[in-house]
Amino acid sequence: MPRHLFEAGLDQLRRLFGEGWTVEAVSSHHQDPSDWYADRVIEIRSTDLGHTTRYVVDLKPTLTPRAVSTELLSKLHLVRQVNSFTSLLVMAPWISPKTQDLLRTHGINYLDLTRNVWIRADRPAIFIYTEGQTRAPRSASQSSPAVTLSGSKAERLVRILADVRPPYRATDLAEATGLSLAYVSRLLGTLEDQLLIQRDGRTIRKVNWQGLLRARAEHSHLLNLNPYSGFIAPNGTDYLLNQLHNVFASNHLIAITGSYAAREVAPLSVGGQLMIYIRPDHFSDELVDHLGLLEVKQQADVLFLDAHDPVVFWNSRTVHGLRHVALSQLALDCLSGPGRLPAEGEAVLERMAAHDQWRNLDIHTIKDWKSP
């Protein structure tokens, strides 16, 4: 694997630089003794100017943001101490956008086999930046952790991590969510690799809740995850809300999300669909008739969402007498929704960061979250 990765990366570099440049591997007996820590060393030379720069190459079968912090930064420091004209270049089959951002922040050159490339040098003057695949190809994902942020179980864990301030342990999270301890432990390992949580031993001390909600939204799509029925409200939204209030008041059988709920938190625009989660056993033709709705296949202004999991009702709020989803759920729904919803989700996140009183739950007081 390392040899194939290095040779494929070298070929890609040669194609990128083209004529007027040479890209060569430095044979082991020509390497400086200080390069003992490198997987490989390459030289890039401008044939016109005669200038040469050297890169210490670190080959990684996989690369996570955590590995950048725990492994590559110390190697970068060592490379710069040894020779200020030598740079660090990491090669991997695939590098995630978040990891790329972190590498660029620290000035670490990178290349993956999907053409994500960022390489810089002062002498000769080099700057190459190309964008490849933003999602892991199947060949690369096979070696990645099996547990991801996809699915309803992941959303349960994401929600509790966002809503509940640390400290707590995996056992606390498993008990509160009803998830297996093995699953929770594996997913926490993935989140730690992505720098979305920080642990001291087995205790979670810090959660990057904004990054966590964004990461979960990337693995989800609101309208694919929750089957829905579309309607037109001939009597207008205000009439419909009044009817909903009469039927459901502030109980937990429905929860409003999407643009309407987002405007109550962070007004960004007007209009948009009224999206309502409803428990499946309380949705019926009789309810539709009572609310005065007309079912349509397109151009709906009201969507009733069949909640994929009770998690969407957890920690919901009462707004004007009706239940709205929790702020973290609202952000998730908007960020993973269609149209302008992602922009509204970012506005909700900004408001949440500025007023973090919503994040005041204690892990030992939420055991009933398993049956909201």
Side-chain angles (χ1 to χ4, degrees), residues 1-28 30-32 34-137 139-140 143 194-195:
M1 172 64 181
R3 181 175 180 81
H4 167 73
L5 174 60
F6 181 69
E7 294 298 334
L10 205 58
D11 288 343
Q12 189 175 145
L13 284 174
R14 287 169 178 153
R15 291 194 300 270
L16 284 169
F17 278 89
E19 295 183 2
W21 296 85
T22 61
V23 181
E24 300 294 342
V26 177
S27 60
S28 57
H30 287 147
Q31 281 190 220
D32 190 287
S34 61
D35 291 338
W36 61 268
Y37 49 83
D39 290 317
R40 299 287 193 280
V41 175
I42 63 172
E43 282 187 351
I44 298 177
R45 179 181 178 84
S46 168
T47 55
D48 294 334
L49 301 176
H51 297 160
T52 300
T53 189
R54 178 173 287 199
Y55 293 88
V56 169
V57 180
D58 194 333
L59 302 173
K60 297 289 188 186
T62 61
L63 185 61
T64 65
R66 186 185 182 204
V68 175
S69 299
T70 59
E71 300 173 23
L72 293 182
L73 290 185
S74 58
K75 183 171 286 190
L76 175 66
H77 180 66
L78 185 56
V79 168
R80 288 175 173 172
Q81 278 189 323
V82 171
N83 188 336
S84 60
F85 296 103
T86 299
S87 301
L88 180 62
L89 169 64
V90 60
M91 290 185 182
W94 179 75
I95 303 173
S96 71
K98 181 174 181 178
T99 306
Q100 293 175 47
D101 289 341
L102 197 57
L103 290 169
R104 291 195 299 269
T105 297
H106 293 292
I108 300 175
N109 303 278
Y110 62 82
L111 175 151
D112 74 21
L113 301 188
T114 75
R115 297 182 63 83
N116 288 303
V117 181
W118 189 80
I119 296 178
R120 298 183 62 182
D122 293 329
R123 182 182 173 88
I126 296 171
F127 181 72
I128 296 177
Y129 177 40
T130 67
E131 294 182 349
Q133 295 186 27
T134 58
R135 292 185 179 273
S139 58
S143 59
Q194 298 299 320
L195 299 183

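In what follows, residues are counted from 1 in the order of the sequence shown. In this text, all values refer to a predicted model and were calculated from it rather than measured experimentally.
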K.L.:
Pair L13, M91 - check side-chain contact (heavy atoms from CB on, under 4.5 Å), show working.
P.N.:
CA-CA 11 Å; L13 284 174; M91 290 185 182; 4.1 Å; yes
K.L.:
State the OG-CG distance between S69 and L102, to the nearest 0.5 angstrom.
P.N.:
5.0 Å
K.L.:
Which heavy-atom pair separates K60 from L5 by the least distance, and what is that distance?
P.N.:
O-CD2, 3.8 Å
K.L.:
Donor-acceptor pair, R66 side chain versus L195 backbone, under 3.5 Å?
P.N.:
no
K.L.:
Say whether, by atom type as modelled, one donor and one acceptor occur between the side chain of T47 and the main chain of G20 under 3.5 angstrom.
P.N.:
yes
K.L.:
Do P124 and T53 come close enough that some side-chain heavy atom pair is under 4.5 Å?
P.N.:
yes
K.L.:
Minimum heavy-atom separation for W94 and P97, please, with both atom names.
P.N.:
CZ2-CD, 4.1 Å
K.L.:
List the steps, then state whether side-chain contact (heavy atoms from CB on, under 4.5 Å) holds for T114 with T134.
P.N.:
CA-CA 9 Å; T114 75; T134 58; over 6 Å; no
K.L.:
Does atom NE2 of H106 have more than 12 heavy-atom neighbours, drawn from other residues, nucleotides or ligands, at distances under 6.0 Å?
P.N.:
yes
K.L.:
So which atom in L88 and which in L72 form the shortest heavy-atom distance, rounded to 0.1 Å?
P.N.:
CD2-O, 3.9 Å
K.L.:
Short question: side chain of N116, backbone of G132 - any donor-acceptor pair under 3.5 Å?
P.N.:
yes
K.L.:
Take R40 and Y55, measure what side-chain hydrogen bond (donor to acceptor under 3.5 Å, both in side chains) needs, and give me the verdict at the end.
P.N.:
CA-CA 9 Å; R40 299 287 193 280; Y55 293 88; over 6 Å; no
K.L.:
Which pairs with one or both residues in residues 111-131 pass salt bridge (Lys or Arg N to Asp or Glu O under 4.0 Å), sequence neighbours excluded?
P.N.:
none
K.L.:
When you compare the side chain of Q100 with that of Y110, does any pair of heavy atoms fall below 4.5 Å?
P.N.:
yes
K.L.:
Does the side chain of L89 come within less than 4.5 Å of I42's, by heavy atoms?
P.N.:
yes
K.L.:
Drop me the distance from R54's CZ to E43's CD, to the nearest 0.5 angstrom.
P.N.:
4.5 Å
K.L.:
With side chains defined as the heavy atoms from C-beta onward, is the minimum distance between L76 and L78 less than 4.5 Å?
P.N.:
no
K.L.:
Is the F127 ring parallel, tilted or perpendicular to the W118 ring (thresholds 30°, 60°)?
P.N.:
perpendicular
K.L.:
Any non-hydrogen side-chain atom of V90 less than 4.5 Å from a side-chain atom of L103?
P.N.:
yes
K.L.:
Short question: side chain of T99, backbone of I95 - any donor-acceptor pair under 3.5 Å?
P.N.:
no
K.L.:
Any non-hydrogen side-chain atom of V57 less than 4.5 Å from a side-chain atom of V41?
P.N.:
no
K.L.:
So, do I44 and T52 sit near enough that their side-chain heavy atoms are less than 4.5 Å apart?
P.N.:
no
K.L.:
If the threshold is 4.0 Å, N to carboxylate O, is there a salt bridge linking D11 and R14?
P.N.:
yes
K.L.:
Measure across F17 and W21 and return the closest heavy-atom pair with its distance rounded to 0.1 Å.
P.N.:
O-CD1, 3.4 Å
K.L.:
Just wondering, are more than 12 heavy atoms of other shown residues or ligands nearer than 6.0 Å to CZ in R104?
P.N.:
yes
